[in-house]
There are 2 protein chains.
Amino acid sequence: MSEMLKFPQDNTDFNVALSTSLVLFGFDGAQLQLLLARSQREPFKDALFLPSRYLEAQDELMLSARSMFHGLFGYDEPEIIEQLKAFGGVFRHPIGRVVNVAFYALVRKDDFLAEKWEQHGMQWSPIDRIPDLAFDHNEIVAYAKERLKRRVKRRPVGFHLMPPEFTLGQLQTLYEQALGKTFDKRNFRKKLFKSPLLTDLERKATGREKGQHKGSSLFTFDRDRYQRMKSEGYDFLF
Amino acid sequence: MSEMLKFPQDNTDFNVALSTSLVLFGFDGAQLQLLLARSQREPFKDALFLPSRYLEAQDELMLSARSMFHGLFGYDEPEIIEQLKAFGGVFRHPIGRVVNVAFYALVRKDDFLAEKWEQHGMQWSPIDRIPDLAFDHNEIVAYAKERLKRRVKRRPVGFHLMPPEFTLGQLQTLYEQALGKTFDKRNFRKKLFKSPLLTDLERKATGREKGQHKGSSLFTFDRDRYQRMKSEGYDFLF
DNA sequence: CCAAAAGTGTTACCCGTACACCCATGG
DNA sequence: CCATGGGTGTACGGGTAACACTTTTGG
């Protein structure tokens, strides 16, 4: 009974393993997607799951997630990466227990090292049509989508997901898919222009980029301004 | 490199231990508080920390948290208990790694088995004056307070924290402490009466209960009604 | 010429906020 | 009688939501 009052130097049970999984959101110009791996070997051939790896005992949770990210994208860290929570409900290893700590991150899809990974069965999947995944990974994805919904309302996620130049139509698509509802075009624009983070590039889209309609105006996010305003206490709100 | 693509049957590293900690919020009629333990033995004598225990390898995370809760309160589960996230940044055990999965719960302070635990150094501490805690438990508390802020806005937390009968003054105190700001009395009442969950008991407080001013009206929450409305899609919003 | 998306203002309603006075009680 | 909290209504402003038509472009 007073185990609760002891500092954890006693009675420890070191036969748990930790894995980390990543829920990586990307936007290809028209669709919000996430990255899945496909097992290419028996006994789970073709099963889909989230990019995952074991944590070595000395690793920090976040560093483990970042290093996995590095393997996939070739640089050290995405701008947005955050722990979701621990998921422990499903997988039992013959040797002990596996608990999975999941992270989510927002990425530029272009940065993905596709040549390197596609041959290993990795692929992007539209967020509204995620197939059955192994383990409890569907539950993790559902949790991540909820987290994303909250972040979309409080952070200019376009910074991290959109290509450097984009149209307002694309941005609206992103918001609609992330929040799971549609918006009136005029109201959407009004709302976004309340914050001064969107810069009109005064150029028109050629229509060659995915999801860009020819002739519509191109915008970009003003990162510097956002940094300055944030340090003065500004809070983005959608 | 293709570790990421393997199912987790290989290369596991079973020398991690998991602990669970509880951030237990209670309200004594006048103050929002949380429950702390005090170590009574060397080498950490007098250190304060969150109620914590080791997870045995076969335990579910949530069940472990609930069973610790049972030890403290004598019944199986609080109405609100939720995982926060995994905290792994601080403690290194000589044998391996300890990762702490924290939970938060809302409780009726009266239910705490005080006679049983006070002699073991457990005590309630006001939320706005939490002392230095061992490990990274201050960080956990900070995270839990943020979670509580969000929940206060979306759930009728009064159900779970308030005594069965309370005054509007008490309820306002709770909201003010949880959200860290003050409210105008009239606006506060207006806001709460938008939802029909508050029942006027048509009796007056005697002034004997802590935090109740004599003569003010007593209210209770209509649990049944909340259940019915919730099943019809109602969402509480403060 | 047809389809698809871009672009553009106004109105109504709701909600949040600000604000002041009198009453009841206990000390 | 003084201090503390209870109890009550109104008015303004900002934000959200609803709503339709014309233009550009590619096919």
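Worth knowing before you read on, the calculation uses all heavy atoms, side chains too, and leaves out hydrogens, waters and symmetry mates. Per chain, numbering begins at 1; letters A, B, ... match sequence-line order. Because the structure is predicted, anything quoted here is derived from the model rather than measured.
- Nearest heavy atoms, Glu82(A) versus Arg147(A): OE2-NH1, 2.6 Å.
- In this structure, Lys181(A) is not positioned above the aromatic face of Phe183(A) in the sense of NZ or CZ being under 6.0 Å from the six-membered ring centre and within 45° of the axis.
- One finds a salt bridge joining Glu79(B) and Arg223(B) here, because a Lys/Arg side-chain nitrogen approaches an Asp/Glu carboxylate oxygen to under 4.0 Å.
- DNA chain C is contacted by Lys185(A), Arg186(A), Arg189(A), Lys190(A) of residues 180-193 of chain A, taking any non-hydrogen atom closer than 4.0 Å.
- Between the P atom of dT24(D) and the NZ atom of Lys204(A) lies a distance of 10 Å, rounded to the nearest Å.
- Protein chain B contacts DNA chain C over a range whose 5' and 3' limits, counting nucleotides with an atom under 4.0 angstrom from a non-hydrogen atom, are dG16(C) to dG26(C).
- Where Lys214(B) and Gln170(A) each meet DNA chain C at their nearest nucleotide, the meeting point lying more 5' is that of Gln170(A).
- Going from atom CD of Gln172(A) over to atom CZ of Phe166(A) covers 13.0 Å, rounded to the nearest 0.5 Å.
- Checking Gly169(B) against Leu237(A), the closest nucleotide of DNA chain D that is more toward the 5' end is the one next to Gly169(B).
- Partner of Gln170(A) under the side-chain hydrogen bond (donor to acceptor under 3.5 Å, both in side chains) criterion, out of His213(A), Lys210(A), Gln212(A): Gln212(A) alone.
- Taking all atoms of both residues into account, the shortest heavy-atom contact from Asp200(A) to Leu218(A) is OD1-O, 3.6 Å.
- In summary, the side chains of Lys204(B) and Ser217(B) do present a donor paired with an acceptor at a separation below 3.5 Å, with no hydrogens or angles considered.
- Relative orientation of the Phe193(A) and Phe219(A) rings is tilted, given thresholds of 30° and 60° on the angle between their planes.
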